[in-house]
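Scroll down for the structure; my scribbles are underneath it.
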Amino acid sequence: MSEITITLPDKSTRTYQSGVTPLEVAESIGSKLANDTVAASINGVLSDATIPLKTDSDLNLYTGSTIEGHEVLLHSTAHLMAQAVKALWPESQITIGPAIKNRFYYDFDIDGTISNEDLQKIENKMQQIAKEDLQVTRKELSRNEAIKLFKDRGEKYKVEIIEQIDKTDKISAYTQGDFIDLCRGPHVPSTGKIKHFKLLSTSGAYWRGDENNKMLQRVYGTVFSTNNELKEYLTFLEEAKKRDHRKLGKELEIYTFDDEVGPGLPLWLPNGGVIIDALEELAKESETRHGYHRVRSPHLSKGTLYEKSGHLELYKESMYPAMDVDGIEYYVKPMNCPHHHKIYAASPKSYRDLPFRIAEYGTCYRYEKSGQLFGLMRVRSMQMNDAHIYCSKSDFDEEFLDVCKMYLEYFEIFGIDKYEMRLSLHDPKDLGKKYINEPELWLETEESVKIALKKGGVNFTEIPGEAAFYGPKIDVQVWSAIGKEFTLATNQVDFAIPKRFNLTFTDKKGIEQTPICIHRAPLSTHERFIGFLIEHYGGDFPLWLSPTQAIILPVSEKTLVYAKSLKKKFIAAGIRTKLDERPEKIGAKIRQAEINKIPVMVIVGEKEAAEKTVSVRRRFIGDQGSIKVAQLLKTLNNEHKQRSQPYRESQ
RNA sequence: GCCUACGUAGCUCAGUGGUAGAGCACUUCCUUGGUAAGGAAGAGGUCGCCGGUUCAAUCCCGGCCGUAGGCUCCA
């Protein structure tokens, strides 16, 4: 047998007999490595660790702790779970079971449902199969062999998948014990590699994600290469729940829902009202600086307005049904643009009036499907930080970039750094269906958006097929504490609707032109943005957003008079201040203030009352000692005005 | 909208086929305490709503409403 040279990632080389497997290479390096190896890459191609190496190769061994190895581990655990489910429910059908971020799932077509108690049963079965340490072997099949194999096994979903696989693609199956699954791989060498896993939840999921198809049973689970990593992940999930805006929003009395009002219709409590005011103040300041006019429009409109805009045709089922007023159909507005177009149209425009920028915290109503509702993040009534910019083509780049700049200004103020900017483009296949049928305008607009973004140095990823029906859009994606993805801010280019509304301006040469419209909502809606902020700050708002900025805590009732005079003084100075008058010990008052996440505690005992000072305790910082009242007020006023970031536990 | 689970005091949650309990919060009283819980008493619930089974339902069954985890959708 010939010898081959294996080059490892550190560029060191080793010589082996031809036919050696990556797993054997790992073994020759160390038994610990061999034990932890779940997959390999051979000349850059991710492969099973059991594939024999025939020629000189670059080899990278992946343990379950690497990104690639973890994904393989997740995927193999999905197979293990499917094997367990087949063992427990022989009549069930397997469908698909991929790895997703830190988790895997598998969808089953099964009589009845899988309950939470069943999860334990499945998990036990999985432990048993893992202990058997079954070899996992790959086999490549022809199309016909594959179809026959899965037909014989009665797996009709698998047959359906194979029939749709590209004819030129290789088909492979993985076997472990009596379980065979159609799979591209790679997989762990044997089931014994899978040790530290947990099944997390069950749910329904449509076959192929199509709501017209059968509802399958989905089981989610996770796996890690060490028990510690698994525990860390489970702890992380627990911690995330503590930051959930639904939990914090209730505890901090920011908003509530009431059955009699209706689902998805949030009621803002006084604390939420304070946050809304602060955000609107910020928006007003910044929009004024960027040359916006503020407008107001009603919550209702005749249906003909939405016929003209095209919304009624495309979104009727997610609008509240029409109400009959004097025999005419009216709708509550699902968005502000048509009203704003009418504001533009209220007077003739010349190029001198452009760019015409109008902004409104407009209240919109959308009949979101009941299963969609999610705390404040997905609601049926919302106040959007909306604005529409009408400009000429030649102004477009500058205007578009100015909007992007505004996003970034805001993100800096809020310390938002974990987000993804997505440029959503149209799919030419859907022209005339999902999208307005203007192929050339689409290409032209998308190109100018890309150029503007590149010019402005804005990083983005392109997503085909996700555009708005009237033009491309930039979305800012963020994630909730429990990992749900949301579009926080959006910025859309509209080259079509102004035409439908006959919006025009007279250019320098006296010719009538149609303006381009930019829709933008950098602060999203109050609902979604505040939901996001609650989680982003973990309930610890910066001073300028904090519903209660300072609380006066008298050490005993002996200093209550001084405390009351301070409260008046603080409020007069514009600080949102409360006073804890309960006949409690100072420790208890401090504890309550900490639980309420109040950033500034002003502690006054007899010493402070005599010296006309205050003792300051700041959240996450602690006791700051006594200072003059005027000095504290000055500090707080500055901090408020500058919209400083909050102190964090890490600081 | 679909699948599954859940719904008991303001909050977090026990509990039972014979009309309900804890802790925290709240009110009052005692305590006047110096940087994360002082003590006592009191008040507070048509057990989500409607119907059925039963001598009797908060508990069992059905429907509805709401919430949660997903799926699908998101101008």
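It should be emphasised that the depicted structure is a prediction, and the values quoted were computed from it without experimental measurement. Below, chain A is the first sequence line, B the second, and so on; all start at residue 1.
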### Task
Please evaluate the base of B:G39 for a donor-acceptor partner in the side chain of A:E584 within a cut-off of under 3.5 Å?
no

### Message
Using whole Å, what does the distance between atom P of nucleotide B:G34 and atom CE of A:M601 come to?
### Response
18 Å

### Task
Between A:G587 and A:T113, just flag the one whose closest nucleotide in RNA chain B comes earlier from the 5' side.
A:T113

### Task
Give a yes/no verdict on a cation-pi contact between A:K333 and A:Y365, requiring under 6.0 Å between NZ or CZ and the six-membered ring centre and an angle within 45° of the axis.
no

### Atom-to-atom span, CG of A:N596 to P of B:A37 - whole angstrom
15 Å

### Summary
The correct list of stems in which RNA chain B takes part (3 or more consecutive Watson-Crick or G-U pairs, distances under 3.5 Å) is B:1-7 with B:65-71, B:10-13 with B:21-24, B:26-30 with B:38-42, B:48-52 with B:60-64

### Query
In B/S/- notation, 5' to 3', how is nucleotides 65-75 of chain B contacted by protein heavy atoms closer than 4.0 Å?
-SSSBBBBBBB

### Query
So do A:T95 and A:W207 actually touch side chain to side chain, heavy atoms under 4.5 Å?
yes

#### Entry: Between P of B:C26 and CD of A:E253, the distance in whole Å
11 Å

#### Entry: Residue A:K250, side-chain heavy atoms: nucleotide from B:G33, B:C11, B:A36 that is nearest
B:C11

### Message
Whether the side chain of A:T613 engages the backbone of A:S626 through a donor-acceptor N/O pair (distance < 3.5 Å, no angle test) should be reported.
### Response
no

#### Entry: OP1 or OP2 of B:A36 under 4.0 Å from side-chain N/O of A:R619
no

### Message
So A:L314, base contact, sugar-phosphate only, or nothing? Heavy-atom distance under 4.0 Å.
### Response
nothing

### Message
Side chains of A:I122 and A:Q120, heavy atoms from C-beta outward: is any pair under 4.5 Å?
### Response
no

### Task
State, yes or no, whether a side-chain contact exists between A:Y105 and A:I96 at a heavy-atom distance under 4.5 Å.
yes

### Query
Between B:U53 and B:G62, how far is it from one P atom to the other, in whole Å?
15 Å

### Query
Relative to A:F501, does A:K308 satisfy both conditions: NZ or CZ under 6.0 angstrom from the six-membered ring centre, and within 45 degrees of the ring's axis?
yes

### Qualifying residues under ring pair (Phe, Tyr, Trp, His ring centres under 6.0 Å), relative to A:Y331, sequence neighbours excluded
none

### Query
After noting the C-alpha distance and the side-chain angles of A:R380 and A:Q372, does the key distance pass the side chain to side chain donor-acceptor pair (under 3.5 Å) rule?
CA-CA 10 Å; A:R380 286 179 173 169; A:Q372 298 308 351; over 6 Å; no

